[in-house]
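Following: one structure in structure tokens, then a few remarks.
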Amino acid sequence: MTDTRSTCPYCGVGCGVIIESEGARITGVRGDPQHPANVGRLCSKGSTLHLTAAPAVTAQARLLHPMQRAARGATPRRIGWDTALGLAADRFNAVIDTHGPDAVGFYISGQLLTEDYYVFNKLAKGLIGTNNIDTNSRLCMSSAVAGYKKTLGADAPPTCYDDVNHADCLFIVGSNAAYAHPVLFRRIEDAKRARPDMKMIVADPRRTDTAGLADLYLPLQPGTDVMLFHGLLHLMLWEGWIDHRYIERHTSGFDALKDLVRAYTPEKVAQTCGLPVADLATAAKWFARSPATLSLYCQGLNQSRSGTAKNASLINLHLATGQIGKPGAGPFSLTGQPNAMGGREVGGLANLLSAHRDMANPQHRAEVAALWGVPDVPAKPGLTAVELFEAAADGAVKALWIACTNPAQSMPDQATVHRALQRAEFVVVQEAFATAATGDFADLLLPATTWGEKEGTVTNSERRISRVRAAVPAPGEARHDWRIVVDFAHRLRPGNALFPYGTPESIWLEHRESTRGRDLDITGLSYAVLEQQGPQQWPFPEGAPQGLARLYEDGVFPTPDGRARFVATPYQPVAEARRSEFPFSLTTGRLRDQWHGMSRTGTLGRLFGHVAEPSIDLHPQDMARLGLADGDLAEVTSKRGTLHLPARASESVALTQAFIAMHWGAEYLSGRDREGRAIGGVNAITTSAFCPDSKQPELKHAAVRVAKAALPWSLLAMAWLPEGEAIAAREALRRLLPELPFALCVPFGREQAGVLLRASADAAPEPALMARVLAALGLDAPQALRYDDPRAGQHRVVLRSTRADGQSALQGFLIAGDTRAEAWLKPLLEGGQALALDARLLLLPGARPPVAMPARGRQVCTCFDVSEEAITTHLNQAEGDATERLASLQAGLRCGTNCGSCVPELQRLARAACRPATVAAI
């Protein structure tokens with residue numbers, strides 16, 4: 001057994017992990033107790049990382065060899081690396097020679113390592129001569145980047161995780177940290193428990209589990225954050241709660257902002273945001289008058305057409321009250337990806353250059369050109385993410401290279417993205433997973449290494465650089481991302497001297513030199529220092545004993561005059577206002593146990609236990625008004641397309657609002673664009689409207705219409721499958737999703753691997769489609785029992801197997817037409833209950849079970865597989881207040897005692913189990 005220190009490949013907290021391996025196989029993972037970001041903790045996703053590297057997952061889900069499609073839509077065939085790189089070089093050179101360098105574009109990822117990012121940037125801007133290189137960080141952090149630069153002068157979060165322990169007021173806005181950054185939220189819970197007097201404000205349109213910990217919850221209307229922040233500043237000015245001394249000594253531009261916010265009266269803000277005036281006053285007082293106030297924010301601010309204004313307006317509050325540059329205070333943007341920060345450091349966006357240099361600055365371009373040894377770096381701004389795909393859809397960009405990201409799932413307005421990928425003359429997808437939807441459009445697929453196999457560095461949200469180390473060799477013919485770029489560069493321009501790298505460290509050393517004298521100077525760091533002293537924060541200049549935990553403690557900012565700048569931007573509403581045709585506000589967000597497009601987490605059925613299938617959350621009153629019951633199929637339509645999803649009543653969603661998780665792409669959910677073409681996933685209906693400063697799209701809001709779906713025929717098929725076949729079966733079923741108006745396909749299971757397909761249509765589909773479903777799930781076996789009435793569209797199939805104890809159990813089933821038997825067949829299959837009954841009874845229609853069924857519902861605790869029913873039963877039988885009942889629950893059922901991701905939900909259930917008089921803050 002070998003232990004290897006590395007980092008988690010999920011959110012931007014940057015947790016350290018210890019990878020356990022035997023030979024070429026990863027066998028386990030645990031949190032690194034020496035890593036300062038997590039001190040040994042991992043969330044439900046991180047603690048299951050080793051399972052995503054299991055041989056069965058690698059064999060079915062990984063891209064293991066270079067593959068070429070002879071024609072679009074054809075099955076890709078295996079080719080060698082020399083052939084693949086030669087083909088890529090020939091096709092890119094042909095486009096560049098004919099149409100110029102700006103006819104090609106690169107779309108890369110915040111999941112790449114810093115070294116990978118650096119060579120991609122150099123390839124595009126230094127070798128090819130185009131700034132058309134952008135990253136999925138544009139969808140994640142570009143508004144935070146623009147907000148920091150406009151106000152503080154540099155893209156540098158001034159705070160650190162330890163500030164949570166020193167804050168007297170915590171202001172969480174636009175972030176469901178309990179789900180998106182669970183390990184950081186454990187730190188917040190610890191701080192609140194240690195210092196109950198610490199005030200916590202949460203502003204979010206949804207009453208999330210993060211809001212459950214708040215002393216003050218502000219359920220503002222979607223997109224009204226700028227109105228809220230200006231209104232808070234108005235109150236602070238009125239009450240005399242601003243820090244005049246700090247403003248005079250360390251800032252500029254306050255008078256213009258003061259003039260602007262004069263019109264943002266409490267009454268106006270309350271009406272626009274939908275908040276009580278008294279709550280606005282409380283929030284303003286706590287923020288301004290607390291000795292130290294820390295703001296935490298994420299995509300709720302960033303993913304907006306006013307994203308930069310939201311970020312800057314929040315930072316205005318910190319500057320106006322002097323809540324910056326001291327322990328426990330400052331604006332802290334939480335990154336959504338493991339190396340979004342590292343990508344920003346090397347200039348991996350279309351408008352940036354290495355070491356926080358600006359593309360628009362001639363001196364900065366000259367400095368980078370000198371470092372790289374090229375005559376110049378192009379001055380023409382590159383196309384950002386939305387612009388890049390729009391240009392490809394219009395035919396201006398002819399060749400696309402996509403690495404370590406899945407734009408056919410994650411980009412808004414998927415109809416445009418599909419047109420771009422279809423119209424481009426040549427598409428390269430450099431990817432670790434063969435199951436990502438973008439791979440369906442690739443002419444050339446290049447296999448890349450991933451977590452557990454890579455070497456390099458990443459930077460987390462608090463500017464901390466960590467070493468990433470390989471625990472096992474690359475599977476198949478997969479290559480490191482940086483190596484693919486270097487090899488391609490030598491094929492593209494034979495004899496060029498720009499890519500002399502033989503190791504990731506040699507790349508990193510050049511990156512380090514680019515930072516000399518810059519705000520993120522890391523010339524005092526080396527791989528050896530990171531190995532010997534552990535992860536370090538920047539800046540860490542040569543000669544420094546350590547990096548800086550907090551920035552701007554001296555009140556000096558990286559601006560021409562050394563002063564921070566107030567930014568006065570008026571409030572603007574969302575890009576798509578609700579109106580009679582589209583009366584609902586759709587918001588998107590994260591699930592607790594999933595991450596991004598689920599290329600990795602989607603390989604594990606156990607991570608679907610908490611939220612098993614796509615759904616749309618609606619307020620119970622809206623459900624009643626629309627005639628929808630829990631589980632009924634809803635039709636959700638925007639200007640761009642239509643989805644069908646099961647509806648779920650939720651008190652966390654306000655009236656005339658709706659919520660769909662961001663993770664559900666075409667790999668899991670069917671859909672249609674406005675022309676009726678099959679384009680699945682939630683982003684078939686989101687808008688590409690973006691912030692004019694950051695170019696980040698408004699993924700957090702779209703105006704939609706919701707109605708009860710009129711698809712009378714339905715189907716449900718589920719089966720346990722051999723571990724080595726389940727992912728392949730789901731991939732086969734995924735190909736069927738576009739053929740049905742509504743269809744979803746997800747894995748399930750914990751110790752076993754299962755696949756579920758749910759579908760609805762106007763009428764029963766052709767027999768051939770039904771046969772493909774049966775074949776994919778192994779339900780076409782001779783021993784399966786069947787009932788068919790084709791004229792009525794009724795089909796029932798059950799398959800039994802023999803358990804280890806010799807008893808019979810349900811192996812799989814399909815019910816179509818009348819699907820009411822789901823009420824008992826689904827739990828019977830999932831529970832593995834022994835079948836001591838005539839097997840023909842399993843073909844009975846209707847919701848009444850032919851056998852006694854144990855209660856088993858939604859999983860709450862992923863680590864110990866504890867259901868909501870078991871938790872509720874225990875809490876109702878326990879005594880004491882919510883804190884005592886939670887302790888009893890954790891002692892009895894162990895839920896919440898491992899990764900802790902389920903603790904916020906356990907707290908909510910504990911409070912619900914108490915009479916109001918006994919509810920205590922946890």
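Remark: aromatic rings of Y10 and H596 are distant, center separation not under 6.0 Å. For W595 and Y179, the distance between ring centers is not under 6.0 angstrom.
In this structure, R750 places its CZ atom where more than 12 heavy-atom neighbours from other residues, nucleotides or ligands lie under 6.0 Å away. Sparse packing is recorded around NZ of K285, with 12 or fewer heavy atoms of other residues, nucleotides or ligands lying under 6.0 Å away. Dense packing is recorded around CZ of R803, with more than 12 heavy atoms of other residues, nucleotides or ligands lying under 6.0 Å away.
Taking OG of S290 as the reference point, atom CD1 of I201 lies at 7.5 Å (rounded to 0.5 Å). Atoms NE2 and CZ, from H35 and R41 in turn, are 15.5 Å apart once rounded to the nearest 0.5 Å. The line from SG of C914 to CD of E879 is 11.5 Å long, rounded to the nearest 0.5 Å. One distance of note links CG of L49 with CD1 of I26; it measures 8.5 Å at 0.5 Å rounding. A distance of 6.0 Å separates CG in N460 from OG in S466, rounded to the nearest 0.5 Å. For the atom pair I172 CD1 and Y217 OH, the distance stands at 12.5 Å (nearest 0.5 Å).
A donor-acceptor pair under 3.5 Å is formed between the side chain of W451 and the backbone N or O of T7. Looking only at distances, no side-chain donor or acceptor of R592 sits under 3.5 Å from a matching main-chain atom of P182. Looking only at distances, a side-chain donor or acceptor of T48 sits under 3.5 Å from a matching main-chain atom of K45. R730 places no side-chain N or O within donor-acceptor distance of the main-chain N or O of Y668, the cut-off being under 3.5 Å. In this structure, D632 contributes its side chain and A629 its backbone to a donor-acceptor pair below 3.5 Å. Side-chain N or O atoms of W720 include one that pairs as donor or acceptor with a backbone N or O of L829 at under 3.5 Å. Between the side chain of D163 and the backbone N or O of G328, at least one donor-acceptor pair lies under 3.5 Å. Judged purely by atom type and a 3.5 angstrom limit, R885 has no side-chain atom pairing as donor or acceptor with the backbone of L909. Looking at T897, its side chain never comes within 3.5 Å of a backbone N or O of Q890 through a donor-acceptor pair. In this structure a side-chain-to-backbone donor-acceptor pair under 3.5 Å is missing from H619 to A654.
Ion pairing between D190 and R187 fails under the 4.0 Å rule for side-chain N and carboxylate O. The pair K192-E189 fails the salt-bridge criterion, with no side-chain N (NZ, NE, NH1 or NH2) lying under 4.0 Å from an Asp/Glu carboxylate O.
Residues P620 and E651 meet the side-chain proximity criterion, which asks for heavy atoms closer than 4.5 Å. Side-chain atoms of V636 and F584, non-hydrogen and from C-beta on, never get closer than 4.5 Å to each other. The shortest distance between side-chain heavy atoms of H701 and S304 does not fall below 4.5 Å. Using a 4.5 Å heavy-atom threshold, the side chains of T862 and N898 count as separate. Residues E905 and H610 form a side-chain contact, since some pair of their non-hydrogen atoms from C-beta on lies under 4.5 Å apart. Proximity of F287 to L232: side-chain heavy atoms (C-beta onward) are nowhere separated by under 4.5 Å. Using a 4.5 Å heavy-atom threshold, the side chains of V755 and C745 count as touching. V39 is not listed as a side-chain neighbour of Y161, based on a closest heavy-atom distance of 4.5 Å or more.
Side-chain contact annotation: H181 with S175, donor-acceptor N/O pair under 3.5 Å absent. Side chains of T52 and R600: a donor on one and an acceptor on the other come within 3.5 Å.
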Side chain to side chain donor-acceptor pair (under 3.5 Å) between N311 and N302, worked out = CA-CA 7 Å; N311 277 263; N302 296 342; 3.0 Å; yes
Is there a side-chain contact (heavy atoms from CB on, under 4.5 Å) between K199 and L216 once you walk through the steps?
-> CA-CA 8 Å; K199 302 299 184 184; L216 176 63; over 6 Å; no
Going through the checks in order, is the side-chain contact (heavy atoms from CB on, under 4.5 Å) test met by L42 and C899?
-> CA-CA 6 Å; L42 291 177; C899 78; 5.5 Å; no
May I have the step-by-step check of side chain to side chain donor-acceptor pair (under 3.5 Å) for H874 and S888, ending in yes or no?
-> CA-CA 8 Å; H874 186 104; S888 170; 2.9 Å; yes
Check the pair Q859 / F608 against side-chain contact (heavy atoms from CB on, under 4.5 Å), numbers first and verdict last.
-> CA-CA 9 Å; Q859 180 192 83; F608 288 74; over 6 Å; no
What do the steps show when you test K700 against D225 for salt bridge (Lys or Arg N to Asp or Glu O under 4.0 Å), and what is the final call?
-> CA-CA 12 Å; K700 280 294 181 185; D225 307 79; over 6 Å; no
Test R30 against E20 for salt bridge (Lys or Arg N to Asp or Glu O under 4.0 Å), laying out the working first.
-> CA-CA 8 Å; R30 63 186 190 272; E20 303 164 3; 2.8 Å; yes
L51/R606 under side-chain contact (heavy atoms from CB on, under 4.5 Å): CA gap, chis, key distance, verdict = CA-CA 10 Å; L51 301 177; R606 68 172 58 205; 3.6 Å; yes
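Taking all atoms of both residues into account, the shortest heavy-atom contact from L607 to Q594 is O-NE2, 2.9 Å. Between Q833 and L828, the closest heavy-atom pair is OE1-CD1, 3.4 Å. Considering every non-hydrogen atom in both V682 and A661, the closest pair reads CG1-O, 3.8 Å. Of all the heavy atoms in A281 and W241, the pair that sits closest is O-CZ3, 4.2 Å. Residues T656 and R578 come closest through the heavy atom pair OG1-NH1, 3.3 Å. P291 and D168 get closest at one heavy-atom pair: CB-OD2, 3.3 Å.
The cationic group of R206 lies under 6.0 Å from the six-membered ring centre of F659 and within 45° of the ring axis, placing it in a cation-pi geometry.
Considering only residues two or more places apart in sequence or on other chains, K826 meets the salt bridge (Lys or Arg N to Asp or Glu O under 4.0 Å) condition with E830.
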